[in-house]
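Counting starts at 1 for both ligands and their atoms, in listed order. Reckoned from all heavy atoms, side chains included, excluding hydrogens, waters and symmetry mates. One-based numbering along the sequence shown. Keep in mind that this is a model prediction, so the values were computed, not measured.
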Amino acid sequence: MDLRIERLQRQAAQCSGVLSLAGGLPLTSLLPTAALLGSVRELSPDQRDEALQYGWPEGSDALRAWVADGLRARGARVDASDVLITSGAQQALSLLVFVLGLNGQRVCVDPLTYPGALDLFRHHDARLVTEGCARVRYVVPGVSNPTGLGMAGAERQHVLGAPADFLIADEAYAELRYDGLTERPLFLDAPERVFHVGTLSKTLWPGLRVGWIVAPPSFRAELLDAKRDADLQAPSLTQALAVRILATLDWRRHLECARSKYVARIARLMHSVRRRLPEFSCVEPEGGFSLFLQCRERRLDEMKLLEAATRLGTSFDPGRMFRANADGAGCGLRLSPCNVPEELIDEAVRRLSRAVAVCRNAQ
Ligand code: PMP
């Protein structure tokens, strides 16, 4: 991550009174925290001992079975033994970079995509491209980060037909489409070349660090070794807690509730943006909890705007974090309305509009 962005965002996070629109964090009030804490007390002594001991690198069988059930409900023919539990989706991506030998290779990504993946690929000297042949095509189907758009049928076929040896389908937000549709996982159509990645970080707590990979069978042994080499296993305790919560939670209702809360917050944010930031255009997201804005004026500088916003008590994620290629892209902002009380979303946007005015006057 660009150190200047990180410094400003840490500064904003540490200041009380800042209404931050930065970060892709799920809404805390949505999460069944009391049930989670209750489930710790409900663990039997044996379960508690197990939860605090070493486990196997592939992860908890119960959790793997839950992931496989979810994928089977979407038409996939998988069982628990096909799933590798990782320490979040980020580690899944990191293991794939290693196993697929992406150092120095061409990796094809969308022009705007998840910064954690971009940074990871760059740190391994992968050559990022947005079209053409590549060792790997990385996609975020279902709900993209940062635009919140889904993948239409034609685009899906295009991606499957991409001239890449392998595809990484990162479904971090896929269950948060506002229309509730979860499409066929891409690996159903090309099981020998698609690596499917998922996580509980957007639907439950990112702090659990629970993610997973379903890999083509020929890569599974190598991935398991890579997982063992990296950290032996995903944490037993958080896997055990996740299993308890998932056994007691009505998952479908939980997702419905999440979608309806996110769509309402996004609508409120869009309303304020259209009123207060007319120089920005935004595409209405189809899911997730962020909004990507693009400034119509090319001269507004993202970093100067972030500095001014931080001084004026708000923050955002600058577009450059999400761009595979920063050249001449203008000023973009990702805003997430989950970190501020709902009734203060408009005030956060008002502060942002003041920051825009400050930057314009300084030009
Ligand atoms: N993929 C995408 C598209 C994401 O947005 C994120 C988190 N922002 C991740 C992966 C990483 O998720 P995790 O917390 O499971 O490592």
Side-chain angles (χ1 to χ4, degrees), residues 1 5-6 9 13 20-28 31 59 63 66-67 70 83-98 107 109-123 128 136-151 159 167-177 182 185-186 194-214 227 230-231 233-235 238-239 241-242 246 258 262 285-292 316-319 321-324 334-339:
M1 185 173 178
I5 300 177
E6 182 163 341
Q9 289 188 334
S20 174
L21 298 167
L25 281 62
L27 195 57
T28 316
L31 304 175
L63 199 50
W66 180 84
V67 173
V83 179
L84 169 66
I85 301 295
T86 56
S87 301
Q90 187 65 30
Q91 188 190 42
L93 299 178
S94 183
L95 298 179
L96 291 177
V97 165
F98 176 71
V107 173
V109 295
D110 291 331
L112 284 171
T113 192
Y114 168 51
L118 291 176
D119 285 348
L120 175 70
F121 297 143
R122 285 183 183 122
H123 293 157
L128 292 178
V136 160
R137 172 83 171 94
Y138 168 75
V139 281
V140 185
V143 174
S144 107
N145 180 6
T147 62
L149 294 178
M151 195 185 265
V159 160
L167 258 146
I168 299 176
D170 177 350
E171 285 207 349
Y173 292 88
E175 286 167 300
L176 295 179
R177 275 184 67 102
T182 7
L186 282 169
V194 179
F195 292 81
H196 171 91
V197 171
T199 178
L200 291 181
S201 287
K202 307 299 170 183
T203 47
L204 286 178
W205 301 267
L208 289 177
R209 308 308 303 135
V210 169
W212 54 86
I213 309 180
V214 177
K227 172 66 185 158
D231 62 352
Q233 56 163 117
T238 59
Q239 290 187 77
L241 295 178
L246 294 167
Y262 290 135
E286 294 170 89
F289 36 79
S290 46
L291 194 62
F292 192 75
F316 62 88
D317 293 315
M321 291 169 61
F322 304 90
R323 287 190 200 105
R334 188 187 73 166
L335 307 182
S336 169
C338 293
N339 260 339

Would you check the N or O atoms of [X], main chain and side chain alike, for any that come under 3.5 Å of an N or O of ligand 1?
X: Q91; answer: no
X: T199; answer: yes
X: A89; answer: yes
X: S87; answer: no
X: Q90; answer: yes

Worksheet item: Checking side chain to side chain contact (heavy atoms under 4.5 Å, CB included) for the pair V210/W205: CA distance, chi angles, key distance, verdict?
Response: CA-CA 9 Å; V210 169; W205 301 267; over 6 Å; no
Counting non-hydrogen protein atoms only, what is the nearest one to [atom]? Give residue, atom name and distance.
atom: atom 11 (C) of ligand 1; answer: Y114 OH, 3.3 Å
atom: atom 1 (N) of ligand 1; answer: D170 OD2, 2.6 Å
atom: atom 5 (O) of ligand 1; answer: N145 ND2, 2.9 Å

Item to complete: Classify the ring geometry between Y262 and F289 as parallel (under 30°), tilted (30 to 60°) or perpendicular (over 60°).
Response: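 Tilted.
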Worksheet entry | Pair S87-D231, side-chain donor/acceptor within less than 3.5 Å |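 D231 and S87 do have a side-chain donor-acceptor pair below 3.5 Å.
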Atoms of ligand 1 less than 4.0 Å from [X] heavy atoms?
X: G88; result: 15 (O), 16 (O)
X: R209; result: 13 (P), 14 (O), 16 (O)
X: Y173; result: 5 (O)

Fill in: Under 3.5 Å: donor-acceptor pair, side chain of S290, backbone of S336
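No; judged by distance alone, with no hydrogens or angles, the pair does not exist.
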Discussion item. Using only atom types and a distance under 3.5 Å, with no angle test, would you say the side chain of Q9 pairs donor to acceptor with the backbone of F316?
Written reply: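 Side chain of Q9 to backbone of F316, a donor-acceptor pair under 3.5 Å: yes, one is there.
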Worksheet item: So, does K202 sit close enough to ligand 1 that a heavy atom of it is under 4.0 Å from the ligand?
Response: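 K202: in contact with ligand 1 (<4.0 Å).
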Fill in: CG-CZ distance between L96 and F121, expressed to the nearest 0.5 angstrom
8.5 Å
Practice prompt. Just do the side chain to side chain contact (heavy atoms under 4.5 Å, CB included) check on N145 and R334 with the steps written out, would you?
Written response: CA-CA 9 Å; N145 180 6; R334 188 187 73 166; 2.8 Å; yes
